[in-house]
Each structure stands twice: as C-alpha cells, then as structure tokens.
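Shown next, in structure tokens, is the structure this report addresses.
The first residue of the sequence shown is numbered 1, and numbering continues consecutively from there. Note: hydrogens, waters and symmetry copies are ignored here, and every other heavy atom, side chains too, is used. Predicted model, so just to flag it, every value in this text is computed and none were measured.
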Amino acid sequence: MRRSLYGRAFVGGRLREGTLITIDENVITDVREAVSAPPDASPVHGVILPGFIDVHVHGGDGSDFMDGSEEAVARVTAFHAAKGTTAVAATTLSASPQDLHAAVSAISRVSSLRAPAAAEICGIHLEGPFINLARAGAQDPSSIRPADIHELTSLLDLAPALRWMVTLAPELPGARPLMEHFRDRVLFSVGHTAADYAEVIAALEWGAGHFTHLFNAMTGIQHRAPGAVGAAFVSTEATAELIADGIHVHHAVLRIAALAMPNRIALISDAVRATGMPEGRYKIYEQEFVVSEGAARLANGALAGSVLTMQQAVCNMVELAGLPLELVVPMATEVPARILKVHERKGKIAPGYDADLVVLTDRLTVDRVLVRGRELT
C-alpha cells in the first residue's frame with residue numbers, strides 16, 4: 001500500500017519544514033521538499049523522526065526477556081513499539097546457563113517472525129554473566145562467573161543471524177581470550193567493571209568497542225584517575241550508552257558526555273518489566289525491586305534498571321540536558337543503528353530505508369508510530 005506523510009521532519013541531519021515522505025509497503029521510497037501537502041498525503045502536526053532504536057532494554061508492560069517465553073518477548077517488543085521504539089537489542093542479565101539458553105532461544109524464535117506491531121529484534125545484548133561481582137549493581141551475584149568461550153559459543157549458535165553485544169569486565173580472568181576469539185562476531189562492551197583507565201584502554205585494543213550505561217557500574221573520571229569513563233572519552237571510535245532518566249546520571253553530565261562524544265552516544269532505556277506499570281514491587285531475575293518516585297531500586301538502594309522509554313530519554317536530553325533536538329535525535333536513531341549494524345536500512349528517513357517512523361508532538365510526546373509502514377493504533 002502506498003501512502004505519504006507531510007510535515008516537519010528530521011532529514012539529512014536537520015529538521016526540515018515541508019517534507020513529503022512517500023512509503024510503499026514497508027519501505028520509504030521518496031523524501032522531498034514540497035510547498036504544500038498533496039491531496040493524498042497525510043498532514044502531520046509535530047515532527048516526524050526515524051523510529052527509535054534501543055540497544056539496551058530488558059522489559060516492559062510486566063514482562064522481561066529473561067522470562068524465557070515467546071509471549072514475554074512479544075509483550076515487551078509490542079509495548080516499546082507503541083512508545084516509538086521500532087528496533088531493539090533484546091537484553092538479558094547474569095543468569096544460570098539454562099535460563100540464559102531459554103531466554104536467547106525465545107528471543108531468537110520471535111525475532112524471525114517480524115511481528116507487524118512490534119519493535120524488530122535486531123540484536124541480543126548479554127549484560128553479563130561475565131562481569132565483576134564488586135560492580136554487579138542489580139544483577140544476581142550467584143549467577144556471575146568467569147568468561148567462558150564454550151558458553152558464549154553455545155549462545156551465539158542459537159541466534160547466528162542477529163547482532164550480538166556482550167557486556168563484560170575486562171579485568172577478569174578469561175576476558176582477553178574471549179574478546180580476541182570473538183571480536184569479529186561480537187561487539188564487546190565494557191561494563192559492570194572495576195577496571196582502571198589502562199585496563200580499559202587495553203580492552204579496546206583486544207576488541208571492545210562499546211561502553212554499557214556510561215558512568216554507571218564502572219570507574220568514574222577524576223583528574224588523576226581517568227577510569228573507564230576517561231577511556232571512553234579519549235577513544236575516537238568506541239560508542240557508549242547513556243541512561244537519560246535524570247536519576248542514573250545528572251543532567252549536566254548527560255550534556256557533558258553528549259558534547260564530549262559526538263556521534264558516539266546511544267541513548268538507552270535499560271527498561272525493566274515495571275516500565276509502563278504502576279509503582280510497586282517487581283522482580284528482576286531472582287531479585288526483588290521496588291519502583292517508587294520513578295526509580296527502580298533493590299532493598300539495598302542499588303538502581304535496578306529504569307522505567308524509562310526512548311521517547312522520554314529524548315525528551316529529557318532536550319529538557320533536562322538542554323540540548324537541541326537536532327543533536328539528540330541521532331543518539332536515539334543513527335548511532336544505535338550503527339551499533340546494531342542496521343544503519344543501511346534503519347535510523348534515517350531516506351529512500352530505501354525501512355518505514356519506521358515516530359511522530360512527536362511539540363511537547364515531545366508520541367503522537368503516531370509506524371513500524372515498517374504499518375501505523376500502530
């Protein structure tokens with residue numbers, strides 16, 4: 001089915017008035033300037049953006065990818081699609097080998113279905129179990145273990161067609177051989193780590209190319225001890241995630257990171273099952289957490305992911321961090337598309353790209369969402 005949208009749109013790195021976007025079936029076929037909307041075009045009030053892409057999301061609407069069921073995967077991806085996220089890397093946690101196998105298997109099965117009203121699963125992000133116990137955060141301590149080539153091989157074999165990301169602590173035994181063995185198949189991400197600056201710089205040479213939720217669960221930057229964050233700043237190629245909920249990272253630091261790492265910051269939700277649900281008690285794998293005043297925390301006060309959506313992250317970067325929308329949009333679209341290696345078909349409004357679009361109101365709330373050309377209701 002052929003259709004057109006007309007209005008203000010983010011095209012070619014800037015917001016353009018009078019943009020006519022033509023869609024044929026599930027692909028954008030033409031993008032051009034027009035003085036007025038043609039009779040057959042749907043006028044848009046607000047701004048048309050590429051669909052958001054989340055490379056770190058655990059759950060939402062009461063479900064979690066670690067539930068290990070196709071129903072849970074479908075529920076999470078449908079929920080985030082309705083909030084403007086049209087592609088994801090389904091993210092797991094440190095868990096038993098059996099539970100990780102079940103979760104990855106369910107994700108793989110659902111990813112091949114390409115559900116029409118759900119975010120497309122473009123990758124799998126293993127956030128653990130090869131992390132530092134001292135920086136576990138909300139992850140299950142009993143499930144954290146040394147890096148294991150055989151275990152990772154068995155998981156990769158379950159979903160060979162998807163992009164793989166693995167968060168690990170590079171200072172741990174077995175981390176270097178793991179990265180060097182899989183560096184051509186996996187994007188390794190430095191995270192949940194006590195590594196110092198020198199250790200992280202070494203990890204970047206071994207094959208790491210990404211940083212999991214920058215600033216959180218890693219060594220911070222000080223003037224005599226630059227830490228993992230300093231290594232991210234001085235790198236010229238590594239990308240990094242930011243949780244822009246106003247809780248995990250101060251709004252001033254969100255701004256500093258975005259300006260210090262142009263074209264290398266990916267906004268993420270790090271959303272857990274409580275996202276979109278009432279405040280109260282929930283579980284993150286084997287641990288209970290409470291959502292109160294917008295924050296998800298374990299009993300010891302540790303943050304347990306977030307209840308953020310990508311739409312709210314974009315809004316916060318504009319309203320809290322004070323950045324222009326033109327600078328923020330690529331952090332939720334183009335940069336994560338590069339990370340997931342889908343940048344030739346997602347992350348931009350351009351001919352030949354998937355018709356994944358989100359229309360935001362002037363207040364940056366979601367008005368309309370199109371997933372591969374199909375408008376969600």
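- Remark: His192 pairs with His213 by the ring pair (Phe, Tyr, Trp, His ring centres under 6.0 Å) rule, at least two apart or across chains.
- The backbone N or O of Asn263 sits less than 3.5 Å from a side-chain atom of Arg338, completing a donor-acceptor pair.
- The closest side-chain heavy-atom distance from Thr86 to Val358 is not below 4.5 Å.
- With sequence neighbours left out, Arg75 forms a salt bridge (Lys or Arg N to Asp or Glu O under 4.0 Å) with Asp61.
- In this structure, the side chains of Val44 and Ile21 stay at 4.5 Å or more apart for every pair of heavy atoms.
- Residues that satisfy the salt bridge (Lys or Arg N to Asp or Glu O under 4.0 Å) test with Arg281, not counting sequence neighbours, are Glu288.
- Partners of Asp356 according to the salt bridge (Lys or Arg N to Asp or Glu O under 4.0 Å) rule, which considers only residues two or more places apart in sequence or in another chain, are Lys346.
- When all heavy atoms are compared, the tightest approach of Phe130 to Leu178 is CD1-CD2, 3.9 Å.
- In this structure, CD in Glu151 is found 6.0 Å from OG in Ser154, a value given to the nearest 0.5 Å.
- Criterion: ILVMFWY side-chain heavy atoms under 4.5 Å apart, direct or through other members. Under it, Ile268 and Val307 are not part of a common hydrophobic cluster.
- Pairs of residues two or more places apart, or lying in two chains, that qualify as salt bridge (Lys or Arg N to Asp or Glu O under 4.0 Å) and include a residue from residues 366-377 are Arg3-Glu375, Glu120-Arg372, Arg368-Glu375.
- Both Val190 and Ile201 belong to a common hydrophobic cluster when Ile, Leu, Val, Met, Phe, Trp and Tyr are linked at side-chain heavy-atom distances under 4.5 angstrom.
- Note: Glu241 CD to His210 NE2 = 3.5 Å, rounded to the nearest 0.5 Å.
- Shown are Val329, Ile28, Leu357; of these, the side chain to side chain contact (heavy atoms under 4.5 Å, CB included) with Pro50 is made only by Val329.
- Two residues are said to be in side-chain contact when any heavy atoms from C-beta on lie closer than 4.5 Å; Lys341 and Leu187 fail this criterion.
- By the criterion of side-chain heavy atoms lying less than 4.5 angstrom apart, applied directly or through intervening Ile, Leu, Val, Met, Phe, Trp or Tyr residues, Leu259 is not grouped with Leu320; the two fall into different hydrophobic clusters.
- Side-chain contact between Leu172 and Asn132 is present, with heavy atoms from C-beta onward closer than 4.5 Å.
- Once rounded to the nearest 0.5 Å, the distance linking CG of Leu93 with CZ of Phe65 reads 11.5 Å.
- One distance of note links CG of Asp40 with CZ of Arg2; it measures 8.5 Å at 0.5 Å rounding.
- Looking at Ser63, its side chain never comes within 3.5 Å of a backbone N or O of Gly60 through a donor-acceptor pair.
- Side chains of Thr333 and Phe52 form a contact here, defined as non-hydrogen atoms less than 4.5 Å apart.
- No side-chain heavy atom of Thr309 sits less than 4.5 Å from a side-chain heavy atom of Thr85.
- At least one side-chain heavy atom of Ile247 sits under 4.5 Å from a side-chain heavy atom of Arg297.
- For the pair Glu286 and Ser142, the minimum side-chain heavy-atom distance is 4.5 Å or more.
- Both Val249 and Leu214 sit in one connected hydrophobic cluster of ILVMFWY residues. Membership requires side-chain heavy atoms under 4.5 Å apart, directly or through other members.
- Distance check: Gln139 CD to Thr92 OG1 gives 8.5 Å after rounding to the nearest 0.5 Å.
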Take Ser269 and Asp54 through the test side chain to side chain donor-acceptor pair (under 3.5 Å) and record every step on the way to the result.
CA-CA 7 Å; Ser269 69; Asp54 193 350; 2.5 Å; yes
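- Between the side chains of Asp245 and Ser306, not a single donor N or O lies within less than 3.5 Å of an accepting N or O.
- Ring orientation note: the planes of Phe182 and Phe188 are tilted relative to one another, at an angle of 30° to 60°.
- Residues satisfying the salt bridge (Lys or Arg N to Asp or Glu O under 4.0 Å) criterion with Arg8, sequence neighbours excluded, are Glu17.
- A side-chain donor from one of Tyr285 and Asp99 sits under 3.5 Å from a side-chain acceptor of the other.
- Side-chain atoms of His58 and Thr91 form no donor-acceptor pair, as typed in the model, at a separation below 3.5 Å.
- Under a 3.5 Å cut-off, the side chain of Thr19 and the backbone N or O of Arg16 do form a donor-acceptor pair.
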